[in-house]
Chemist: 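Take this structure, written in structure tokens, and hold onto it; I'll ask about it next.
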Amino acid sequence: MENEAVATEAPFAPITYERRVRNDLEDKLPKPYMPRALVAPDIEHPNGTPGHRHNQLSVLQQHAAFFDQDDNGIIYPWETYTGLRAIGFNPIVSLVMAVLINGALSYVTLPGWLPSPFFPIYIHNIHRAKHGSDSGVYDTERRYTPMYIENMFSKYAHTVPDKFTLRELWYMTEGNRESFDFFGWIASKLEWGILYVLAWDEEVMLSKEAVRRCFDGSLFEYCAKMNMGGEGKMG
């Protein structure tokens, strides 16, 4: 009975065998189930990204803050465009993405009810921009939960344990789909597709380290530094 109480696989639910979750996380990372407000740890980086400053922002706020070019807590479409260009996207892709991102996220983050013609994103309210069919790594207050990123890879990364192929990434987003959540389905596919294009490695795979650093925004800092000719290290 004790073994059944902690079982993660059910004989009559084959999907639980196909998508295995880790049962050793507490041996490698303190309280992996506890959402972290300031850092984005995993079992290889229990204290988060070395050298990355959180500036007392939540993990999602840190992710968004890279695009806040003047550090005033508001991201306008032209700032999103500038940030996308800095991390390596071409002008056309950056323009389209800036329109989509600010168009989708602006209204829900506004401090009032009236829409703004400038489509600003308010970092203070970025937690309101959560959509369905996501990975669950961010909670509803936009803290970061290590357990979810570890289980994401244990479930879907079958070729290499800590990397996704494009096919595996597709299956992961399919596995996270919620019924009738059409916006969430599209948003999730777009977000992960953009990350894959941005951060694939020499094996044309997306590493867990790139994913983790995307969550706290340090990946963007790394990409911008590399595009400027600076030396950096992903690990």
Side-chain angles (χ1 to χ4, degrees), residues 8 15-16 18-52 54 57-66 126-127 129-178 184 187-201 203 205-223 233-235:
T8 61
I15 195 71
T16 62
E18 179 184 338
R19 301 177 187 171
R20 298 176 184 269
V21 296
R22 297 190 61 152
N23 59 11
D24 62 344
L25 292 180
E26 289 191 273
D27 298 330
K28 301 176 183 294
L29 182 67
K31 299 182 179 180
Y33 51 82
M34 185 175 71
R36 268 64 162 185
L38 299 176
V39 300
D42 62 6
I43 59 175
E44 291 83 16
H45 305 87
N47 297 314
T49 304
H52 176 63
H54 55 68
L57 299 173
S58 74
V59 177
L60 178 63
Q61 287 176 329
Q62 295 168 48
H63 170 93
F66 171 81
I126 195 68
H127 61 281
K130 179 177 173 62
H131 61 75
S133 302
D134 63 0
S135 65
V137 176
Y138 291 129
D139 70 5
T140 52
E141 293 73 38
R142 300 327 225 168
R143 291 175 291 243
Y144 168 101
T145 309
M147 174 182 69
Y148 285 103
I149 191 171
E150 299 294 350
N151 285 339
M152 183 196 314
F153 280 85
S154 69
K155 287 180 180 182
Y156 299 102
H158 302 306
T159 305
V160 178
D162 61 350
K163 293 183 179 183
F164 282 139
T165 64
L166 183 58
R167 181 185 295 271
E168 290 166 345
L169 199 62
W170 178 271
Y171 288 150
M172 186 270 288
T173 58
E174 288 291 289
N176 290 335
R177 285 175 53 167
E178 299 174 0
S188 182
K189 287 286 193 301
L190 287 174
E191 290 165 357
W192 285 100
I194 291 167
L195 177 58
Y196 179 80
V197 171
L198 174 66
W200 68 31
D201 61 16
E203 298 175 304
M205 301 176 78
L206 181 63
S207 70
K208 185 174 76 168
E209 177 65 350
V211 172
R212 185 189 67 79
R213 292 186 64 170
C214 178
F215 280 110
D216 71 6
S218 62
L219 175 68
F220 304 142
E221 298 167 2
Y222 169 83
C223 291
K233 184 179 180 181
M234 181 68 73

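These figures come from a predicted structure and were not determined experimentally. No hydrogens, no waters, no symmetry mates; every other heavy atom, side chains included, goes into these values.
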Chemist: Looking at Lys155 and Glu18, is there a salt bridge between them, counting it only when a charged N and a carboxylate O are closer than 4.0 Å?
Modeler: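 The answer is no: the pair does not qualify as a salt bridge.
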Chemist: Is any NZ, NE, NH1 or NH2 atom of the basic residue among Glu44 and Lys208 found under 4.0 Å from an Asp or Glu carboxylate oxygen of the other?
Modeler: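 Judged by the 4.0 Å cut-off on N to carboxylate O distance, Glu44 and Lys208 do form a salt bridge.
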Chemist: What I'd like to find out is whether the side chain of Arg142 reaches to under 4.5 Å of the side chain of Gln61, using heavy atoms alone.
Modeler: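 No, side chains not in contact.
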Chemist: Quick check for you: to the nearest 0.5 Å, what is the distance between Ser58 atom OG and Asp139 atom CG?
Modeler: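 So the OG of Ser58 and the CG of Asp139 are separated by 9.0 Å.
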Chemist: Look at the side chain of Thr145 and the backbone N and O of Tyr148, then say whether any donor-acceptor pair between them is shorter than 3.5 Å.
Modeler: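 No; zero donor-acceptor contacts below 3.5 Å.
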Chemist: So, for Asp134 and Lys130, which heavy atoms are closest and what is the spacing to 0.1 Å?
Modeler: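 Where Asp134 meets Lys130 most closely, the heavy atoms are OD2-NZ, 2.7 Å.
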Chemist: Angle between ring planes, Phe220 versus Phe66, binned at 30° and 60°: parallel, tilted or perpendicular?
Modeler: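 Judged by the thresholds at 30° and 60°, the geometry between Phe220 and Phe66 is tilted.
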Chemist: Do you know the tightest heavy-atom contact between Val39 and Gly48?
Modeler: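 Val39 and Gly48 have their closest heavy atoms at CB-CA, 4.3 Å.
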Chemist: How long is the span from the OH atom in Tyr156 to the CZ atom in Arg20, to the nearest 0.5 Å?
Modeler: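 So the OH of Tyr156 and the CZ of Arg20 are separated by 14.0 Å.
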Chemist: If I compare all heavy atoms of Arg19 with all of Gly175, which pair ends up nearest, and what's the gap?
Modeler: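 Scanning both residues completely, I find the closest heavy atoms to be NH1-CA, 3.8 Å.
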Chemist: For the residue pair Thr159 and Glu168, confirm or rule out a side-chain donor-acceptor distance under 3.5 Å.
Modeler: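 Side-chain D/A pair, Thr159 to Glu168: present.
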Chemist: Rounded to the nearest 0.5 Å, how far apart are CD of Glu209 and SG of Cys214?
Modeler: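 It is 11.5 Å, given to the nearest 0.5 Å.
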Chemist: Working to the nearest 0.5 Å, report the span between CD1 of Ile43 and CZ of Arg212.
Modeler: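 Nearest 0.5 Å value for the CD1-CZ distance: 11.5 Å.
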Chemist: Under 6.0 Å between ring centres: does that hold for Phe215 and Tyr138?
Modeler: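 Ring centroids of Phe215 and Tyr138 are less than 6.0 Å from each other.
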Chemist: Determine whether the aromatic ring centres of residues Phe164 and Phe153 are separated by less than 6.0 angstrom.
Modeler: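 Centroid distance Phe153-Phe164: below 6.0 Å, so yes.
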Chemist: Is the positively charged end of Lys189 above the ring of Trp170, judged by distance under 6.0 angstrom from the centroid and angle within 45° of the axis?
Modeler: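 Because its charged atom sits under 6.0 Å from the ring centre and within 45° of the axis, Lys189 does stack over Trp170.
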Chemist: Output the distance between atom CG (Leu195) and atom CG (Leu219), rounded to the nearest 0.5 Å.
Modeler: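 Leu195 atom CG to Leu219 atom CG measures 6.5 Å (nearest 0.5 Å).
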Chemist: Just checking, any donor-acceptor pair under 3.5 angstrom between side chains of Arg213 and Thr49?
Modeler: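 Not at all, the side chains of Arg213 and Thr49 share no donor-acceptor pair under 3.5 Å.
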Chemist: Do His131 and Glu178 have side-chain N/O donor and acceptor atoms under 3.5 Å apart?
Modeler: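 No, Glu178 and His131 have no side-chain donor paired with an acceptor closer than 3.5 Å.
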Chemist: Any side-chain heavy-atom pair from Pro32 and Glu150 closer than 4.5 angstrom?
Modeler: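 Result no, sub-4.5 Å side-chain heavy-atom pair not found.
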Chemist: Identify the heavy atoms of Thr165 and Tyr196 that sit nearest to each other, and give their distance.
Modeler: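 Looks like C-CE1, 4.5 Å.
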Chemist: For a quick check under 3.5 Å, do Ser207 and Asp201 share a side-chain donor-acceptor pair by atom type?
Modeler: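 Not at all, the side chains of Ser207 and Asp201 share no donor-acceptor pair under 3.5 Å.
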Chemist: Between Asp24 and Asp27 (side chain of the first, backbone of the second, donor and acceptor by atom type, cut-off under 3.5 Å), is there such a pair?
Modeler: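 Between the backbone of Asp27 and the side chain of Asp24 there is no qualifying donor-acceptor contact (under 3.5 Å).
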Chemist: Can you find a heavy atom in the side chain of Ser135 that is under 4.5 Å from one in the side chain of Trp192?
Modeler: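 The answer is yes, as the side chains (C-beta and beyond) meet within the 4.5 Å cut-off.
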Chemist: So how far is it from Leu206 CG to Asp162 CG, rounded to the nearest 0.5 Å?
Modeler: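 The distance works out to 10.5 Å.
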Chemist: Would you check if there is a donor-acceptor pair between the side chains of His52 and Gln62 at a distance under 3.5 Å?
Modeler: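 Yes, a side-chain donor-acceptor pair sits under 3.5 Å.
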Chemist: What is the minimum heavy-atom distance between Val137 and Ile149, and which atoms define it?
Modeler: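 Looking at all heavy atoms of both residues, the shortest contact is CG2-N, 3.8 Å.
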Chemist: Which heavy-atom pair separates Leu29 from Arg36 by the least distance, and what is that distance?
Modeler: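 In this case the closest contact between Leu29 and Arg36 is CG-NH2, 4.3 Å.
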Chemist: Do Trp200 and Met205 have side chains that get closer than 4.5 Å, going by heavy atoms?
Modeler: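 Trp200 vs Met205: side chains apart.
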Chemist: Within the distance-only criterion (no hydrogens, no angle test), does the side chain of Asn151 pair as donor or acceptor with the backbone N or O of Arg22 below 3.5 angstrom?
Modeler: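 Yes: the side chain of Asn151 pairs with the backbone of Arg22.
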